[in-house]
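Below, each value reflects all heavy atoms present in this structure, side chains not excepted, and no hydrogens, waters or symmetry copies. So that the names make sense, note that chain A is the first sequence line, chain B the second, and so on, each numbered from 1. Here the structure is a predicted model, which means the values were calculated and not measured.
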Amino acid sequence: MTGTLPAFPGVRAERCPFDPPPAIQALQKEGPLTRVRLWDGSTPWLVTTHAEQRALLGHPQVSADVTRPGYPLSAPRLNGSLSFILMDDPEHARQRRMVQAAFTVRRVEGMRPAVQRIVDRLIDDLLAGPKPVDLVEAFALPVPSLVICELLGVPYADHDFFQDHSRILIRRVTPPEERAAAGGRLLDYLDRLVGDKLEHPGDDLLSKVAERVRAGELTREQAAQMGVLLLVAGHETTANMIALGTLALLQHPDQLAVLCGSDDPKVVAGAVEELLRYLNITHGGRRRVAKADIEIAGQVIRAGEGIILANDVGNRDPEVFPHPDELDLGRDARRHVAFGFGVHQCLGQPLARLELQVVYGTLYRRIPTLALAAGLEQIPFKHDGQVYGVYELPVTW
Amino acid sequence: MKVTVDEDKCCGAGQCVLLAPEVFDQREEDGIVLLLEAEPGEGQHALVREAAAVCPAGAIEVAG
Ligand code: HEM
Ligand code: SF4
């Protein structure tokens, strides 16, 4: 029977690089919950509807603990310590609250002038440099990397190291031993930085994390793990949204015109929410396991069964978003689940929003003739990544 | 309208502050929700309901 179940993750249609895999999206019509088959032969539930995804992600008996039997793994699990994204409350909340103050809406809004300066300077450099140019290397990666380095107190000079290792870490196809080695080197790197901050505390977030080590509230290893999570989640995701978002806009010139034609912050903010919804770059789904039997949508999820919440498909639920497969920057997309839902909802979302608002609100206005310098069929998409995007985006103007 | 917030449930995602900054704020020290206005005026009602709907932690209750 398992032989007939659809494989997850699915394969995107070649001509629709922005849409979820058709075979997976089609499951939404069969009902909120269906079964899929993973790489290891396991057959967890796949939840494809917006309402049921939110209900389950907010459910107290749904666990994010990767060490529980039945958790639907995306690749062989590595032993070793975990960061709080893979833990349940109360420990998850205890650790998350240690760093939450740095990401409040008000605190992040205060970073807007600094982010605007970073974006303006990188665009100055682009315009002064040769073309065509790879937008990923020259702009999409540097923006969030510079911002998160400043916030954490990580030297930007090390960006080649942490960007390359992050990429290895989050490729689904990376062999386990290579993934372990890359993860280990990142952890060592952050551990050294935590050590530096213990000796010479600065006015940055890693120094605050190091203080918790001194106070006995975190082990050195937990602190380093937290640093890895913040550094990796803080640059890869936003970088992919910048490059993939730019490509999506270049393919939808009528929508790009909306952004070019307005400097109303509300229009730009709305555009960011819609691009987050439409592109939903965390395309491997939110992964959970049931701690008790849960009745939902006429089905029973048994204790110990794996659950994958396909938020890319949830963001295409016509019950919530009319004409869901259309990119429409004018729609109200705020109920999207691109940042997840429940207590693990993205910690960095105010920062991601700020960066994307500044980028989408500046780049196309300053370079209105921005254009692809290759055919769409030549663009290398991150089909093999935990986070979707493009490896390269050659552009000219 | 009467609004209550549950600080223990809140995960500091800030959705409420984005939507209705006159009703919600976040604590300086740990980002947990701060209720500025427990009985917001008519003009805020739609935004407060939307905030309760998007709050990922189910930490906002609205009565009336
Ligand atoms: C557009 C960019 C981003 C997207 C699409 C995104 C998406 C997500 C999603 C879907 C989750 C939920 C994971 C789950 O439920 O299993 C998450 C969690 C998280 N994100 Fe983001 N993220 C982005 C940017 C950032 C940034 C800039 C940071 C900054 C440090 C960050 C830090 C985190 C952390 C620490 C978590 C774990 C939260 C927890 O488990 O409580 N993210 N993100
Ligand atoms: S939206 Fe909910 S979880 Fe987020 S800060 Fe407000 S009350 Fe807390």
With respect to chain B, which residue among Arg107(A), Arg54(A), Arg106(A) yields the maximal number of heavy-atom pairs within a distance under 4.5 Å? Arg106(A)

Minimum-distance pair of heavy atoms, taken over all atoms of [X] and [Y]:
X         : Y        : value
Val343(A) : Ala57(B) : CG1-CB, 4.4 Å
Arg97(A)  : Glu7(B)  : NH2-O, 2.9 Å
Gln100(A) : Ile32(B) : NE2-CD1, 3.4 Å

For Arg334(A) and Leu18(B), what are the C-alpha separation, side-chain angles and deciding distance, and is it a side chain to side chain contact (heavy atoms under 4.5 Å, CB included)? CA-CA 11 Å; Arg334(A) 284 180 301 199; Leu18(B) 263 189; over 6 Å; no

Please report the interatomic distance OG1(Thr104(A)) to CZ(Arg27(B)), rounded to the nearest 0.5 Å. 12.5 Å

In terms of heavy-atom contacts, does [atom1] of [X] have more than 12 from other residues, nucleotides or ligands at under 6.0 Å?
X         : atom1 : result
Asp264(A) : CG    : yes
Glu22(B)  : CD    : no
Glu29(B)  : CD    : yes
Gln357(A) : CD    : yes
Glu217(A) : CD    : yes

Tell me, side chain or backbone of Ala53(B) under 4.5 Å from chain A's heavy atoms, or both, or neither? both

Indicate yes or no for a side-chain donor-acceptor contact from Arg96(A) to the backbone of Cys11(B) under 3.5 Å, with no hydrogens or angles considered. yes

Within the 3.5 Å criterion, strictly below it, is a donor on Gln15(B) or Gln345(A) matched to an acceptor on the partner's side chain?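 Yes - a donor-acceptor pair under 3.5 Å links their side chains.
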
Most contact-rich option vs chain A, by heavy-atom pairs under 4.5 angstrom, among Cys10(B), Ala13(B), Gly14(B), is Ala13(B)

Select, from Ala59(B), Pro56(B), Gly31(B), Pro21(B), the one with the greatest count of heavy-atom pairs under 4.5 Å involving chain A. Pro56(B)

Indicate yes or no: at least one non-hydrogen side-chain atom of Val105(A) is less than 4.5 angstrom from one of Gln26(B). yes

